[in-house]
Number of protein chains: 2
Amino acid sequence: MNRPTSADGAVREVRVREARVREPLDRRRILTAAIQLIDEDGLRRLTMRRLGAHLGVEAMALYHHVPGREDLLDGVVESVVDELYDDPEVYLEATDWQEYLQRLSHGLRRIALKHPKVFPLLATRPPAAPWLHPPLRSLRWTESFLTTLRACGFDDRAAVAAYRAFSSFLLGHLLLEVAGLDAQITPLDEPDETATPAGTDLSEYPVIDRLSGALAEDRSAEEFEDALEQLLDRLQLLSEDAAERDHHAGQGR
Amino acid sequence: MNRPTSADGAVREVRVREARVREPLDRRRILTAAIQLIDEDGLRRLTMRRLGAHLGVEAMALYHHVPGREDLLDGVVESVVDELYDDPEVYLEATDWQEYLQRLSHGLRRIALKHPKVFPLLATRPPAAPWLHPPLRSLRWTESFLTTLRACGFDDRAAVAAYRAFSSFLLGHLLLEVAGLDAQITPLDEPDETATPAGTDLSEYPVIDRLSGALAEDRSAEEFEDALEQLLDRLQLLSEDAAERDHHAGQGR
DNA sequence: ACCTGAACACCGTTCAAGT
DNA sequence: ACCTGAACACCGTTCAAGT
């Protein structure tokens, strides 16, 4: 009965193993858990206390790794945008700026559809700087965007205009699309009587009534493609304007 | 000392006058106060208790007129959209659908700029029905939109496509614009050293650094006009497609 | 009829204390 | 070094009680 060291060793080993199972709780692990909780239950239910419980820890432990809830949400936004870096489709070599923007757009759309309950956060959090537009809001991607377009015949003015047009395109289309996902869930259990969501009487709105089927139809994917094509056409014009400005500047010299 | 009836009358009169000063608290008065509080302090600080205090009443009194905070926010959204009805510019008779959409767009832009802290709510609250798209989200305006376009040569399909395109245009441009207003307020007091918001080192992002002035410049008004013109051109094409479909249908008969 | 007091369950956050 | 207990100020909401 005198193998105290051996017993101690066993206890310590169990502790170490436990520590490996619920790892030492850093910022990245907290952010990952936060994103998962929002995906599952929505932003409203993401609570410091619930998040702590989900990580097997008291809420107060989180404050050793994250300054507070607001900063946590900023971190969530940053993490989700950073998923673009792990998307191999986005990183394929592009032969022109059109292809570059197509890959970037589709990458961000995949993110929006993967995290529909997080996306409104990308859309509406106050930007850290006036030159970081939602929903991209990343210094690295903004730099990449501007550099690429500058290298493809856009002058400064055209590149900046393109950045704003691109941002508002993504914002409008993706937010409308994820809003549509939220709307599908009818608040009452009543399992669709002509999919009329509980208590809406359309008799005063004959045109909506007649078109409600067409309006509820989800053509998001095609509409996204169409609108993206049209955006690229508009940007093409911007770059041609830039070329013309360059031409005149050359003549003026 | 025996004019009890008279004294009673005086007391009652005072009560009535008080009641007129802080009126009897109905839903409309609560919503107006809520909008005012959001405009001034932001959504985060709109609290049932603060709202009650602002109206000279305990928080619990609000629950006699409003089912709860979520419903209150829905009411705020509805009220703000309803301000379109009080905008004389929107109600001027339009000679064609282009002018109708211009008035409607500018009306909604005025609302967004008047209530920049409320607008994200119009953009992101889950719609009540799948055919109500943000940011318009009003049965009456959606009906009006569809009716007008149907009367101007758009068939059902074109009108529905136009409604979605119009919604995502407004959503993208106006949300980007109000996000820009939020971004201007630098979190630190430091009164602009090249307007670099506190702690952002742009040395690794040379293109952003060079273009930061141009990026921060606010050309929202012109960009809104340009993008609106381009949207109207695209919708014109939709209506021409509709006319062609109609023509073929006539031939097929 | 309309509002209030008191209470409940739950927030975010601080800080001294534990191991 | 990392986490916890207890506490503080503040939420939304319910309900019996006041006038």
Side-chain angles (χ1 to χ4, degrees), chain A residues 7-31 33-34 37-38 40-77 121 125 187, chain B residues 4 7-31 33-34 37-38 41-77 121 125 187:
Chain A
D8 268 17
V11 167
R12 192 174 302 146
E13 200 169 72
V14 167
R15 279 220 185 109
V16 168
R17 213 166 265 163
E18 269 174 0
R20 195 175 296 157
V21 168
R22 30 172 291 195
E23 275 159 48
L25 193 63
D26 60 357
R27 186 179 158 90
R28 178 138 306 284
R29 237 161 60 79
I30 294 175
L31 289 177
L37 275 189
I38 300 176
E40 287 169 7
D41 300 333
L43 180 60
R44 293 223 43 221
R45 303 197 58 189
L46 178 71
T47 255
M48 298 303 275
R49 287 168 145 98
R50 271 172 51 90
L51 181 54
H54 187 81
L55 288 161
V57 110
E58 298 298 314
M60 303 76 198
L62 302 173
Y63 288 87
H64 292 274
H65 303 94
V66 154
R69 188 171 191 264
E70 287 303 298
D71 176 275
L72 176 79
L73 294 182
D74 286 337
V76 164
V77 166
L121 233 43
R125 287 244 111 197
Chain B
D8 268 15
V11 167
R12 192 173 302 146
E13 202 170 71
V14 168
R15 278 220 185 109
V16 168
R17 213 167 266 162
E18 270 174 0
R20 195 176 297 157
V21 168
R22 30 173 292 196
E23 276 158 46
L25 193 61
D26 59 358
R27 188 179 157 90
R28 178 137 309 282
R29 237 161 60 79
I30 293 175
L31 290 177
L37 275 188
I38 300 177
D41 300 333
L43 180 60
R44 293 223 45 221
R45 303 197 58 188
L46 178 72
T47 255
M48 297 304 273
R49 287 168 145 98
R50 271 173 50 91
L51 180 56
H54 187 79
L55 288 161
V57 111
E58 297 299 313
M60 304 74 198
L62 302 174
Y63 287 87
H64 293 272
H65 303 95
V66 154
R69 188 172 190 262
E70 287 303 299
D71 176 275
L72 176 78
L73 294 182
D74 286 338
V76 163
V77 165
L121 234 43
R125 287 244 112 197

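Naming: A, B, ... by sequence-line order, numbering from 1 per chain. It should be emphasised that the depicted structure is a prediction, and the values quoted were computed from it without experimental measurement. Just the heavy atoms: all of them, side chains too, but no hydrogens, waters or symmetry mates, feed the values below.
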Worksheet entry | Non-hydrogen atoms of A/Leu55 and A/Ala33 that approach each other most closely | CD2-CB, 3.8 Å
Item to complete: Quick one: look up who D/dT19 pairs with, Watson-Crick or G-U, both distances under 3.5 Å, and put none if it's unpaired.
Response: C/dA1
Discussion item. What is the separation between atom CZ on B/Arg45 and atom C1' on C/dG12, rounded to the nearest whole Å?
Written reply: 15 Å
Item to complete: Answer yes or no: does a side-chain N or O of A/Thr47 lie under 4.0 Å from OP1 or OP2 of C/dC10?
Response: no
Discussion item. Using every non-hydrogen atom in the two residues, find where B/Ala34 and B/Val76 come nearest and quote the distance to one decimal.
Written reply: CB-CG2, 3.9 Å
Discussion item. If the cut-off is 4.0 Å, is B/His64 near the phosphate of C/dT4, judged by side-chain N/O to OP1 or OP2?
Written reply: no
Response to the item:
From CG of B/Asp26 across to C1' of C/dC3 the rounded distance in Å is 15 Å
Worksheet item: Nearest to the side chain of A/Met60, which nucleotide is it out of D/dG12, D/dC3, C/dT14?
Response: C/dT14
Worksheet entry | Rounded distance (Å) that lies between atom C1' of D/dC11 and atom CZ of B/Arg69 | 9 Å
Worksheet item: D/dT4 C1' sits how many Å from A/Tyr63 OH, rounded?
Response: 14 Å
Worksheet item: What pair of heavy atoms forms the shortest contact from A/Asp41 to A/Arg50, and how long is it?
Response: OD2-NH2, 2.5 Å
Fill in: Listed nucleotide nearest any side-chain atom of A/Leu25, set D/dC3, C/dC3, C/dG12
D/dC3
Worksheet item: If you find the nucleotide of DNA chain D closest to A/Ala59 and the one closest to A/Arg49, which residue's nucleotide is nearer the 5' end?
Response: A/Ala59
Fill in: Length of the CG-C1' vector between B/Leu51 and D/dC11, whole Å
14 Å
Item to complete: Nearest whole angstrom, please: distance from the C1' of D/dC10 to the CD of B/Glu58.
Response: 15 Å
Worksheet, complete the sentence: Side-chain contact check for A/Met48: nearest option of D/dT14, C/dC3, C/dG12 is C/dG12
Fill in: B/Arg27 versus B/Pro67, closest heavy-atom pair with distance
NH1-CD, 4.3 Å
Worksheet entry | From C/dT13, C/dC3, D/dC3, nucleotide with atom closest to B/His65 side chain | C/dC3
Worksheet entry | Positive for side chain to side chain contact (heavy atoms under 4.5 Å, CB included) with B/Arg69, one of B/Leu62, B/Asp74, B/Leu46 | B/Leu46
Worksheet item: What's the CZ-C1' distance between A/Arg44 and D/dC11, to the nearest Å?
Response: 11 Å
Discussion item. With a 3.5 Å limit on both atom pairs, tell me what D/dC11 is paired to, counting Watson-Crick and G-U wobble, or say none.
Written reply: none
Fill in: Separation of C/dG12 P from A/Arg50 CZ (nearest whole Å)
11 Å
